Amino acid sequence: MLQVPFIRDNRDDIVKRLTIRNIDAAKMIDDVIVFDEQRRQLQTQLDNEKAEMNNLSKEIGNLYKSGEAQKANILKEKTTQLKDSIKDLELQLTNKADALNELLYKIPNVPNPIVPTGNTDDDNEEVFREGEIPVLFEGALPHWELAKKYDIIDFELGNKITGAGFPVYKGKGARLQRALIAYFLDKNTAAGYTEYQLPHLVNEASGFGTGQLPDKEGQMYHVTGDNLYLIPTAEVPGTNIFRNVLLNASDLPIGITGYTPCFRREAGSYGAHVRGLNRLHQFDKVEILRVEHPSKSYEALDTMVNHVKGIMRELNLPYRILRLCGGDLGFTSALTYDFELFSTAQDRWLEISSISNFETFQANRLKLRFKNSEGKNELAHTLNGSSLALPRVLAGILENCQTEKGIKIPEVLIPYTGFEYIN
RNA sequence: GGAGAAAUGGCAGAGUGGUCGAAUGCGGCAGUCUUGAAAACUGUUGAGGGUCACACCUCCGGGGGUUCGAAUCCCUCUUUCUCCGCCA
């Protein structure tokens with residue numbers, strides 16, 4: 001969420017930059033400024049009355065001590081009225097603050113000026129492309145057929161055990177998935193990220209901290225018995241490590257990585273384009289996450305993009321990088337690069353990573369700050385990205401690396417799989 | 001799951017109704033001394049709101065209550081520790 005002082009000082013610029021997202025935020029922004037003004041007025045009034053109350057209380061105490069109970073009782077009567085007034089003001093203030101916050105929750109992050117305008121993913125800007133798109137032999141199959149042919153992923157079994165979107169990986173399929181997880185984690189830790197194993201369920205406060213709650217409640221699985229949520233991404237437990245944290249400038253930058261399963265209800269998704277591994281309710285993902293000094297966060301974003309590039313290069317898979325347009329940009333992000341893998345047998349691009357700079361948007365909600373060089377507490381910048389999402393990478397390997405002899409495992413993974421072919 | 005104890009500043013730890021945003025120790029920072037460092041000594045050292053700056057207000061695990069007044073009393077939730085039960 002945006003900071004109110006920032007809104008107050010940059011009203012026009014914010015409204016203008018939010019048009020990149022195709023939203024006219026003028027009314028909301030102006031309301032924020034007005035509500036904040038009113039909130040502050042109420043606060044001042046309340047503070048004054050409380051100060052008066054404090055003084056009266058002190059006086060009463062002194063009077064009792066010097067044995068002047070009579071006088072004290074007279075003062076006590078005065079406090080009754082003041083008490084009511086304070087109670088009333090407190091209520092008004094809470095209401096105003098709630099209204100202000102509700103507005104703030106609705107305002108998305110201000111896009112970086114280089115974010116292209118646009119509505120849909122057609123308007124995303126391709127900034128990089130690499131890797132050769134293989135020409136497949138006659139009779140090449142999409143991954144869901146390959147999964148059946150080599151008996152490595154069983155979608156039906158998942159249906160039986162749980163339901164649609166919960167595939168069962170078997171044999172070399174399971175091993176390949178484990179190999180990818182280990183490989184990604186090794187790459188990330190080699191690049192300086194500290195490996196974490198994080199909880200797969202989070203409480204309400206954490207869901208709120210990263211912005212899934214209250215708005216996207218329907219997207220998460222909710223364990224009502226204990227009021228916990230299954231994580232939709234490691235971003236949620238990972239970023240909440242830093243909720244209500246005050247760091248030293250020397251602690252920055254912080255980089256962490258973690259593998260977790262991810263659970264998404266994906267309500268309303270259906271059809272051919274969600275077939276096979278393309279969209280699941282449960283999938284595995286390795287995430288990287290950084291906390292940065294504000295002056296270094298865009299440099300860090302580039303570093304993260306280059307890091308994932310390096311992985312794709314090693315895997316030798318064709319991919320492209322998109323700069324997301326305003327309409328496609330996530331609510332909390334200021335700038336996002338998506339990695340898409342070309343899935344030859346499906347003849348389409350599959351999103352496998354999304355790397356974003358949230359600037360202070362998450363940090364403000366999380367209260368993640370550091371002591372800057374002036375000794376003041378300042379909000380840090382947060383960033384995160386997938387490195388990488390497993391199922392679509394798996395789909396890409398199956399489809400792009402299929403040969404008439406079977407699936408040829410990319411070189412870098414062979415030490416992890418212990419086999420060269422799935423056949 | 002049952003019984004009991006506890007939660008205070010970066011840490012440790014006092015404080016059971018007013019003068020407590022909170023003793024004291026450690027740590028941090030600044031200074032004196034020193035060629036430099038250590039030691040010693042002196043000072044300083046939480047967060048949020050508000051203000052041009054002060055004033056002022058709020059915060060002693062979270063929420064609610066009693067009272068003129070709450071770190072202190074009551075209710076409730078959460079967490080931690082000890083004992084018992086269960087268990088990978």
Side-chain angles (χ1 to χ4, degrees), chain A residues 1-9 32-101 103-104 197-209 213-214 222-229 237 240-252 254 291 360 362-380:
Chain A
M1 105 196 183
L2 298 176
Q3 299 167 83
V4 174
F6 173 71
I7 292 177
R8 233 188 289 159
D9 297 341
V32 166
I33 294 169
V34 171
F35 278 34
D36 175 59
E37 178 70 38
Q38 292 169 341
R39 200 214 88 226
R40 270 160 40 227
Q41 266 175 22
L42 284 167
Q43 182 77 60
T44 305
Q45 205 181 333
L46 177 65
D47 286 356
N48 289 339
E49 296 201 1
K50 278 190 169 170
E52 200 181 334
M53 185 66 129
N54 288 343
N55 287 334
L56 280 173
S57 294
K58 240 174 245 176
E59 257 182 80
I60 290 171
N62 288 335
L63 286 171
Y64 272 124
K65 212 160 272 178
S66 58
E68 300 171 85
Q70 203 79 11
K71 281 188 183 172
N73 284 331
I74 293 167
L75 283 186
K76 264 200 204 179
E77 278 169 36
K78 268 178 84 175
T79 61
T80 321
Q81 213 180 17
L82 202 52
K83 233 179 162 180
D84 286 345
S85 171
I86 285 174
K87 213 163 206 168
D88 181 55
L89 276 172
E90 266 172 352
L91 187 69
Q92 283 186 58
L93 181 66
T94 311
N95 288 341
K96 189 54 76 180
D98 286 351
L100 175 61
N101 278 331
L103 263 179
L104 286 170
Q197 287 196 6
L198 295 160
H200 301 167
L201 285 97
V202 293
N203 58 28
E204 246 178 300
S206 292
F208 179 82
L213 296 175
H222 188 187
V223 181
T224 52
D226 295 284
N227 197 27
L228 296 172
Y229 294 86
N240 274 283
I241 292 171
F242 302 102
R243 173 151 48 87
N244 282 318
V245 165
L246 179 57
L247 298 163
N248 293 312
S250 59
D251 296 330
L252 302 175
I254 294 170
V291 181
T360 60
Q362 282 185 331
N364 188 31
R365 214 187 246 219
L366 290 165
K367 297 214 168 16
L368 163 55
R369 296 160 303 165
F370 69 98
K371 267 221 187 302
N372 67 19
S373 51
E374 279 112 55
K376 290 250 168 86
N377 298 330
E378 184 178 341
L379 292 174

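Bear in mind the structure is a predicted one, so any value in this text is a computation, not a measurement. Proteins come first, then strands; the chains are lettered A, B, ... in the order of their sequence lines, and each starts at number 1.
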Could you measure the distance from the NZ atom of A:Lys371 to the CG atom of A:Asn377? Nearest 0.5 Å is fine.
3.5 Å

Can you figure out which of [options] approaches the side chain of [X] most closely?
X: A:Asn377; options: B:A47, B:G50, B:G18; value: B:A47
X: A:Asn54; options: B:A47, B:G18, B:U58; value: B:U58
X: A:Lys50; options: B:C57, B:C68, B:G50; value: B:C57

Side chains of A:Glu77 and A:Asn73, donor plus acceptor under 3.5 Å:
no

Could you verify whether a donor N or O on one side chain and an acceptor N or O on the other, from A:Asp47 and A:Gln43, lie under 3.5 Å apart?
yes

Rounded [atom1] spacing from [N] to [M] in Å:
N: B:A6; M: B:U45; atom1: C1'; answer: 29 Å
N: B:G1; M: B:C77; atom1: P; answer: 13 Å
N: B:C68; M: B:C84; atom1: C1'; answer: 48 Å
N: B:C81; M: B:C75; atom1: P; answer: 25 Å
N: B:U8; M: B:A14; atom1: P; answer: 11 Å

Do A:Lys65 and B:U19 share a donor-acceptor pair, side chain to base, under 3.5 Å?
yes

Determine whether a donor-acceptor pair (one donor, one acceptor, N or O, separation below 3.5 Å) exists between the side chain of A:Asn62 and the base of B:G18.
no

Grab the two heavy atoms, one from A:Pro237 and one from A:Pro199, that are nearest each other, plus how far apart they are.
CG-O, 3.6 Å

